[in-house]
Amino acid sequence: MPELPEVETVARGLAPHVRGRRIISVTRSDKALRLPWPDDFAARLEGARIKAIARRAKFLLWRLEGGMSLLSHLGMSGRFTVLPGGGGKARGLGEFYFHPAAAPEPGPHDHLTLVLDDQTRVIYTDPRRFGFFDLLATEAEGRHPMLARLGPEPLGAQFTAAHLASACQGRRAPIKSVLLDQKTVAGLGNIYVCEALFRARISPKRTAASLAPTGRPAVRIGRLVAQIRAVLREAIAAGGSTLRDHAQVSGEAGGFQQHFSVYGRAGEPCEACGRPIRRITQCGRSSFYCPACQR
DNA sequence: CGGGACTCCTGCCAGC
DNA sequence: TGCTGGCAGGAGTCCC
């Protein structure tokens with residue numbers, strides 16, 4: 001579920017609650033997530049102070065004092081919920097929670113609870129268990145197998161038309177799958193690729209190579225880079241997109257799903273030309289696009 | 001090597 | 001109402 005804007009929303013939501021706080025206790029479920037829990041997971045985290053929380057692609061990096069990082073990924077259905085230590089808004093909207101007497105029982109899909117030194121609780125919930133946690137040296141982050149081969153951040157200075165053109169060069173795969181490849185650019189998923197291609201008026205079926213014709217100005221590539229950045233920025237400003245699972249750490253839904261032009265809208269009229277949005281399957285995933293506007 | 005199919009897991013929805 | 005099949009936002013592995 002969570003793509004870059006959702007993970008960014010979670011990172012921004014967590015930061016003020018966890019930055020500078022010490023982890024007092026760690027409780028994890030016995031069920032394995034996508035990766036097995038690291039050895040001595042709780043013992044290595046307990047007592048550590050959280051210096052900062054960062055996002056790389058769709059990963060969260062919790063930087064701890066002492067040179068250790070906690071790497072986490074939300075998979076398809078993961079979410080973090082913050083229960084503030086001083087009492088405050090709880091998991092469901094409108095509920096109220098007062099620590100510590102009213103600490104809720106973990107739900108069946110709660111896999112990790114961190115209690116911080118101000119009694120704030122951070123709970124990780126993940127029904128599908130495609131998420132994971134890992135522990136590593138902060139200085140080795142760049143060499144972690146999940147991070148080592150990631151392409152540039154789409155909102156960073158290194159994601160340029162020249163970079164995308166070179167990634168597309170000679171690729172006979174559809175542009176859709178090249179953009180989903182985290183080695184091309186890191187953090188896009190199915191929703192934002194569909195939306196960016198619509199905005200750039202590029203068909204998801206077009207081969208990547210055809211967007212970057214050798215020796216000719218790659219106008220479409222420039223448009224695509226600009227639209228990828230725009231849709232991600234707008235989605236972050238809206239708190240991400242909530243289809244099922246994504247929530248901000250407060251429990252509130254994101255709002256960007258209201259602004260989808262094509263994703264999930266098969267059969268509805270295109271907002272630009274009125275012809276119906278089409279759904280096709282590419283590399284095992286749904287692509288939504290307007291066959292008239294996107295070429 | 002590039003690219004597609006398959007896999008992990010549970011929930012939800014449409015259709016019968 | 002209740003079952004079944006298909007589908008879901010990710011990412012690694014395997015095989016051609």
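Note that this is a predicted model, so its numbers are computed, not measured.
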Would you kindly give the [atom1]-to-[atom2] distance between [X] and [N], to the nearest whole Å?
X	N	atom1	atom2	value
A:Leu60	C:dA11	CG	C1'	16 Å
A:Leu33	B:dC9	CG	C1'	11 Å
A:Arg34	C:dG10	CZ	C1'	8 Å
A:Gln182	C:dG10	CD	C1'	8 Å
A:Gln282	B:dA5	CD	P	11 Å
A:Leu188	C:dG9	CG	P	14 Å
A:Phe59	C:dG10	CZ	C1'	9 Å
A:Ile191	C:dC7	CD1	P	17 Å

For nucleotides C:dA11 and B:dC1, find the distance between their P atoms and express it as a whole number of Å.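 Here C:dA11 and B:dC1 have their P atoms 22 Å from each other.
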Just call it for A:Tyr263: base, sugar-phosphate, or nothing, with non-hydrogen atoms closer than 4.0 Å on any strand.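 The residue A:Tyr263 makes sugar-phosphate contact but no base contact.
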Answer yes or no as to whether C:dA11 has its base stacked against A:Phe130, where stacking requires a ring-centre separation under 5.5 angstrom and planes under 30 degrees apart.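 Base of C:dA11: not stacked against A:Phe130.
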Surrounding CZ of A:Arg172 (heavy atoms of other residues, nucleotides or ligands, distance under 6.0 Å), is the total greater than 12?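 No, the 6.0 Å shell around CZ holds no more than 12 heavy atoms from other groups.
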Does a sphere of radius 6.0 Å around CD in A:Gln158 hold more than 12 heavy atoms from other residues, nucleotides or ligands, not counting ones at 6.0 Å or beyond?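 Not more than 12 within 6.0 Å, no.
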Between A:Phe260 and A:Phe288, is the ring centre distance below 6.0 Å?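 Distance test on ring centres: not under 6.0 Å, no.
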Does A:Trp62 have its ring centroid less than 6.0 Å away from the ring centroid of A:Phe80?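 Ring centroids of A:Trp62 and A:Phe80 are less than 6.0 Å from each other.
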Of A:Phe288 and A:Phe132, the one whose closest DNA chain C nucleotide lies more 5':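 Result of the comparison: A:Phe288.
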Identify whether NZ of Lys or CZ of Arg in A:Arg128 sits under 6.0 Å from the centre of the six-membered ring of A:Phe130 and within 45° of that ring's axis.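 Yes.
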Look at the side chain of A:Arg128 against the base of B:dC9 and say whether a donor-acceptor pair falls under 3.5 Å; ignore hydrogens and angles.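 It does, because a donor-acceptor pair links the side chain of A:Arg128 to the base of B:dC9 below 3.5 Å.
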Within less than 4.0 Å of OP1 or OP2 of [N], is there a side-chain N or O belonging to [X]?
X	N	answer
A:Arg285	C:dG10	yes
A:Lys58	C:dA11	yes
A:Arg129	B:dT10	yes
A:His109	B:dC9	no
A:Ser77	C:dA8	no
A:His73	C:dA11	yes

Step by step, would you call A:Arg55 with A:Glu153 a salt bridge (charged side-chain N to carboxylate O under 4.0 Å, His left out)? CA-CA 10 Å; A:Arg55 178 194 58 74; A:Glu153 285 290 317; 2.8 Å; yes
Check this for me: does any side-chain nitrogen of one of A:Asp126 and A:Arg79 sit under 4.0 Å from a carboxylate oxygen of the other?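 Salt bridge flag = no for A:Arg79 with A:Asp126.
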Regarding A:Lys58 and A:Glu8, does a basic nitrogen lie under 4.0 Å from an acidic carboxylate oxygen?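 No, A:Lys58 and A:Glu8 are not salt-bridged.
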Applying side chain to side chain donor-acceptor pair (under 3.5 Å), can you list everything that pairs with A:His73, at least two apart in sequence or on another chain?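 In terms of side chain to side chain donor-acceptor pair (under 3.5 Å), with neighbours along the sequence ignored, A:His73 is linked to no residue.
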Check nucleotides 1-3 of chain B for protein N or O atoms closer than 3.5 Å to its own N or O atoms and list the pairs.
residue	atom	partner	partner atom	Å
B:dG3	OP1	A:Arg172	N	3.1
B:dG3	OP1	A:Ala173	N	3.0
B:dG3	OP2	A:Arg171	NE	2.6
B:dG3	OP2	A:Arg171	NH2	3.0

So, for A:Glu271 and A:Ser261, which heavy atoms are closest and what is the spacing to 0.1 Å?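 In this case the closest contact between A:Glu271 and A:Ser261 is OE2-OG, 3.1 Å.
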In dot-bracket form, how is DNA chain B paired, counting a Watson-Crick or G-U wobble pair only if both its distances are under 3.5 Å and using | for bases paired to another strand? .|||||||.|||||||
Among the nucleotides C:dG10, B:dG11, C:dA8, which one has an atom lying closest to any side-chain atom of A:Arg279?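 From the listed options, C:dA8 comes nearest.
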